[in-house]
Structure formats: C-alpha cells, structure tokens
Amino acid sequence: MGSPARLRHYMNDDGPLILDGGLATELEAQGVHLQGDPLWSARLLHTNPQAIRDAHYRYLLSGSDVITTATYQASITGFISHLDVSSERARELLMSGVHLARESVERFISQSHTTGQRRLLVAGSVGPYGAFLCDGSEYTGSYAKDMSVEDLKVWHRPQIECLAAAGADLVALETIPSIKEAEALVELLREFPNSKAWLAFSCKDEKHISDGSLFTDAVQVANRSPQLVAVGLNCCSPELVEPLLDSAGSLLNPDLSWVVYPNSGEDWDRQQGWHSSEKTAASILKLSHTWRKQGAALIGGCCRISPADISDLRQELKGSCTPAVQQD
C-alpha cells in the first residue's frame with residue numbers, strides 16, 4: 001500500500017479522485033438478482049466472479065479512479081453460514097474481492113491506449129456489523145448498544161485482515177452508523193499498521209450520523225487515526241452532504257480529506273428495496289462542485305448510481321471521461 005503522503009498526492013493532484021458507484025446497482029442492471037440475499041453482491045464472489053470483474057471494468061471505462069470490492073456484506077461467518085464453506089474457503093473468498101478488482105484494473109490498463117499521471121486504486125470494502133444482520137440496521141446502528149468496542153473489533157478483524165493481506169490499496173470502512181463502531185474500527189486499524197483507510201458514515205440528517213451521534217463527534221473519532229486518509233459519508237441523500245461537511249469543517253484534521261459518495265436520493269425499504277422517484281443522480285452533478293470547494297478529495301456515488309452517472313460526474317469535475325492511466 002502507498003504511504004499516506006503518496007495517497008494524498010493522488011487525491012489532491014488535479015482535482016478529486018473519482019470513486020465508482022453502486023456495485024449492486026450495476027449487477028442488478030445486468031440481470032443479477034440480489035434483493036433479499038443475506039450476502040448481497042458478495043455471493044457472486046462464489047457463484048459468478050466474472051460478473052463482478054465486468055461490473056468493475058464498466059466503472060473503470062466510465063472514469064472511476066477507485067473501484068471498491070464486492071465485500072461490503074462479506075464476512076467469514078456469513079460465508080460459512082450461507083455458502084456452507086470452510087473457514088479457509090471463506091477467507092479465500094474475501095481475499096478474492098481484491099483480486100477480482102485488481103484483475104479488472106490490469107485488464108483496463110492493458111487495453112488502454114494512453115498513459116499519464118493517473119493511478120487506479122482498489123479499495124477493500126468493509127461494511128458495518130448491521131450489513132451482516134441484513135435488517136437495515138446499517139441505517140440505525142441499533143445493534144451497537146448491545147455490543148462493546150471489543151465485540152465490534154472481534155467481528156471486523158478477519159475482514160480487514162483478509163483485505164489487507166490481499167493487497168488492497170485502501171480499506172473503505174463504509175456506511176458506519178454508530179460512533180462506537182467507528183471507535184472500534186479506528187482502534188482495530190492499529191493492528192494493521194501498513195493499511196490506510198477512509199471512514200464513511202451513514203447519516204440521518206444534516207447534523208447527525210444514523211445512531212443519533214453528532215457528525216462533529218464522528219469526525220473527532222477519525223482525527224485520532226494517522227492511518228485514515230479521509231472521513232465523510234456515503235449512502236445518504238446528496239442534499240445532506242453540504243450541511244454535514246459544513247458542521248464539522250473546522251474540526252477536520254489537516255491530514256484528512258473528505259470522502260463523499262451519496263446515493264441517488266431515492267428511498268429504500270427493507271422489504272421492497274429502492275423506490276423510484278423524481279429524485280435523480282443529477283443532483284450529485286449539481287452539488288459536486290460545492291463538495292470539492294469544501295475539501296472533498298474523493299467523490300463518487302453509492303446505491304442507484306450507475307457507470308453512466310460516474311462518467312457524467314467525471315466530465316463535470318475533471319472535463320474528461322477517457323482519462324489517462326499511469327503504468328506502474
């Protein structure tokens with residue numbers, strides 16, 4: 001993994017790094033049924049890895065600088081329970097998330113006809129404990145009241161261990177709804193001193209993360225870790241981003257940047273999934289310049305954000321949808 005200084009150079013040189021969008025969104029658009037699956041897109045690590053490679057590749061073609069692995073809902077316990085595999089095989093599947101992403105990057109670079117200063121990064125996704133519960137609690141954090149910081153560290157340890165061992169450039173600690181869980185993850189990172197990460201919270205309004213804690217307090221937790229390169233939010237409405245960043249802008253450690261990747265702004269229901277509405281990804285394009293001015297160095301999308309949306313975002317922020325690639 002790169003040093004924090006090198007990663008910050010990538011993030012801040014010539015504008016923000018462009019993240020990908022919703023991996024499950026893209027897989028479902030290609031006909032994969034994920035709704036209600038306790039493993040969500042992580043099941044395909046076992047059943048259809050090529051679909052994951054292809055989805056990553058489409059985001060790279062659309063201009064993503066960072067692609068995020070299909071491991072958000074992956075865990076050793078989950079794979080053992082829902083795939084009836086051994087612990088060793090479960091670890092292999094978790095690591096394969098990084099390998100598939102890396103293979104997609106290598107394919108993209110080999111087929112690119114241009115070279116330049118841009119480098120593509122793989123972020124290993126670590127979802128909250130609530131993602132394993134598959135009950136929507138990544139948007140409430142209700143489980144944390146019954147768990148200790150140590151309990152949460154025990155849960156997350158094997159996931160981070162596998163992603164780090166597989167060579168992820170960054171660990172994406174994402175959709176974290178609970179300040180207690182954030183504290184556990186910040187502590188746990190110390191056990192992997194060569195790993196760099198970002199920490200993104202799920203938020204319920206313009207001042208609070210999902211468990212009701214102030215976003216300002218969540219940012220203060222992130223400030224404790226020299227291994228974090230960015231803190232911010234994901235999978236919330238785009239309209240919440242500006243006021244949340246404003247609320248904590250004066251508290252952000254100078255060594256940290258903002259990471260921002262909201263969803264389309266549509267509503268999600270546990271039973272029925274996403275509800276279509278008049279809200280669209282267009283609001284991300286409109287608001288992205290403001291986020292950049294606020295200091296966001298990584299900008300992308302989450303659920304219901306497609307490769308086409310990411311292409312538009314790159315064009316909006318960087319004026320290029322076919323960016324050059326650095327040959328490492």
Side-chain angles (χ1 to χ4, degrees), residues 1 19-112 120-127 131-132 134 156 158-175 195 261 273 300-308 310 325 328:
M1 299 188 190
L19 306 182
D20 54 10
L23 181 60
T25 296
E26 178 58 14
L27 289 167
E28 289 180 324
Q30 301 304 313
V32 178
H33 178 72
L34 301 175
Q35 185 63 38
D37 193 317
L39 294 177
W40 206 29
S41 53
R43 181 176 294 274
L44 274 66
L45 295 170
H46 181 65
T47 61
N48 193 353
Q50 188 59 45
I52 294 174
R53 289 190 193 93
D54 292 343
H56 287 323
Y57 188 74
R58 284 190 287 274
Y59 276 115
L60 291 167
L61 285 174
S62 299
S64 294
D65 298 308
V66 183
I67 53 172
T68 308
T69 61
T71 52
Y72 173 82
Q73 212 144 319
S75 67
I76 303 300
T77 302
F79 282 148
I80 292 172
S81 298
H82 301 296
L83 296 178
D84 193 26
V85 297
S86 67
S87 176
E88 181 180 0
R89 177 57 180 155
R91 290 178 180 275
E92 290 174 352
L93 286 171
L94 255 164
M95 294 177 72
S96 76
V98 176
H99 299 154
L100 294 175
R102 190 74 67 198
E103 288 166 13
S104 298
V105 168
E106 290 170 356
R107 173 189 170 195
F108 180 76
I109 291 175
S110 70
Q111 296 181 4
S112 175
L120 304 175
L121 302 174
V122 171
S125 174
V126 174
F132 164 73
C134 202
H156 284 294
Q159 282 74 255
I160 295 179
E161 183 178 44
C162 288
L163 295 171
D169 296 301
L170 289 161
V171 178
L173 309 170
E174 51 185 1
T175 329
S195 294
Y261 48 120
C302 200
C303 299
R304 305 284 277 187
I305 303 300
S306 69
I310 293 301
V325 178
D328 284 340

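All values below come from the heavy atoms of this structure, side chains included, with hydrogens, waters and symmetry mates left out.
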- Task: Check Ala164 against Ser195 and note the closest heavy-atom contact, atom names and distance.
- Result: CB-OG, 3.6 Å

- Message: Going by the rule side chain to side chain donor-acceptor pair (under 3.5 Å), which residues pair with Ser75 if we only count those two or more places apart in sequence or in a different chain?
- Response: none

- Who pairs with Ser96 by side chain to side chain donor-acceptor pair (under 3.5 Å), at least two apart in sequence or on another chain? none

- Message: Could you measure the distance from the CG atom of Leu27 to the OG atom of Ser41? Nearest 0.5 Å is fine.
- Response: 6.0 Å

- Item | From Leu94 atom CG to His99 atom NE2, the distance as rounded to the nearest 0.5 Å | 11.0 Å

- Query: Just how far is it from atom OG of Ser112 to atom CG of Leu120, taken to the nearest 0.5 Å?
  - Reply: 8.5 Å

- salt bridge (Lys or Arg N to Asp or Glu O under 4.0 Å): pairs with one or both residues in residues 68-80, sequence neighbours excluded: none

- Item | Leu163 side, atom CG; His156 side, atom NE2 - distance, nearest 0.5 Å | 12.0 Å

- Any pair with a residue in residues 79-89 that passes side chain to side chain donor-acceptor pair (under 3.5 Å), sequence neighbours left out, goes on the list, sorted by first then second residue, please. Arg89-Glu92

- Where the side chain of Tyr59 meets the backbone of Ile310, is there a donor-acceptor pair that is under 3.5 Å apart? no

- Item | Pairs flagged by salt bridge (Lys or Arg N to Asp or Glu O under 4.0 Å) wherever residues 47-57 is involved - sequence neighbours left out | Arg53-Glu103, Asp54-Arg107

- Write down the atom of Thr47, the atom of Pro49, and the distance for their closest heavy-atom approach. C-CD, 3.8 Å

- With sequence neighbours left out, the residues meeting side-chain contact (heavy atoms from CB on, under 4.5 Å) with Ala24 are Leu34, Trp40

- Query: With Glu26, which residues qualify under salt bridge (Lys or Arg N to Asp or Glu O under 4.0 Å), at least two apart?
  - Reply: Arg58

- Item | Distance, nearest 0.5 Å, that separates CG of Leu100 from CG of Leu93 | 9.5 Å

- Message: Test of understanding: with ring pair (Phe, Tyr, Trp, His ring centres under 6.0 Å), list the residues that count as partners of Tyr261, not counting sequence neighbours.
- Response: Trp198

- Partners of Ala90 by side-chain contact (heavy atoms from CB on, under 4.5 Å), sequence neighbours excluded? Ile76, Phe79, Ile80, Val85

- Task: Go through the steps to decide whether Arg43 and Leu83 satisfy the test side chain to side chain contact (heavy atoms under 4.5 Å, CB included), and finish with yes or no.
- Result: CA-CA 8 Å; Arg43 181 176 294 274; Leu83 296 178; 3.5 Å; yes

- Note on the structure: Ser125 meets the side chain to side chain donor-acceptor pair (under 3.5 Å) criterion, sequence neighbours left out, with Glu174

- Task: Please tell me if the side chains of Ile52 and Leu45 come closer than 4.5 Å, counting only heavy atoms from C-beta onward.
- Result: yes

- So Val126 and Thr71, side chain to side chain contact (heavy atoms under 4.5 Å, CB included) or not? Walk me through it. CA-CA 7 Å; Val126 174; Thr71 52; over 6 Å; no

- Item | Nearest atoms (heavy-atom pairs only) where Ala101 meets Ile67 | O-CD1, 3.6 Å

- Please report the closest heavy-atom contact between Ala74 and Ala42, naming both atoms and the distance. CB-CB, 3.8 Å

- What is the minimum heavy-atom distance between Leu121 and Asp169, and which atoms define it? CA-OD2, 3.4 Å

- Query: Between Thr69 (side chain) and Gly97 (backbone), is there a donor-acceptor pair under 3.5 Å?
  - Reply: no

- What distance separates Thr25 OG1 from Asp20 CG, expressed to the nearest 0.5 Å? 10.5 Å

- Query: So Gln35 and His33, side chain to side chain contact (heavy atoms under 4.5 Å, CB included) or not? Walk me through it.
  - Reply: CA-CA 6 Å; Gln35 185 63 38; His33 178 72; 4.0 Å; yes

- Message: For a quick test of reading the model, state the closest non-hydrogen atom pair linking Thr68 to His56 and the distance between them.
- Response: O-CE1, 3.1 Å

- Would you say Leu44 and Val32 make side-chain contact, with heavy atoms under 4.5 Å? yes

- Check step by step if side chain to side chain contact (heavy atoms under 4.5 Å, CB included) holds for Leu19 and Asp65. CA-CA 6 Å; Leu19 306 182; Asp65 298 308; over 6 Å; no

- List in chain and number order the residues that pass side chain to side chain donor-acceptor pair (under 3.5 Å) with Gln73, two or more places apart in sequence or in another chain; answer none if no residue qualifies. none

- Can you run down the salt bridge (Lys or Arg N to Asp or Glu O under 4.0 Å) pairs that involve residues 67-82, sequence neighbours left out, and say none if there aren't any? none

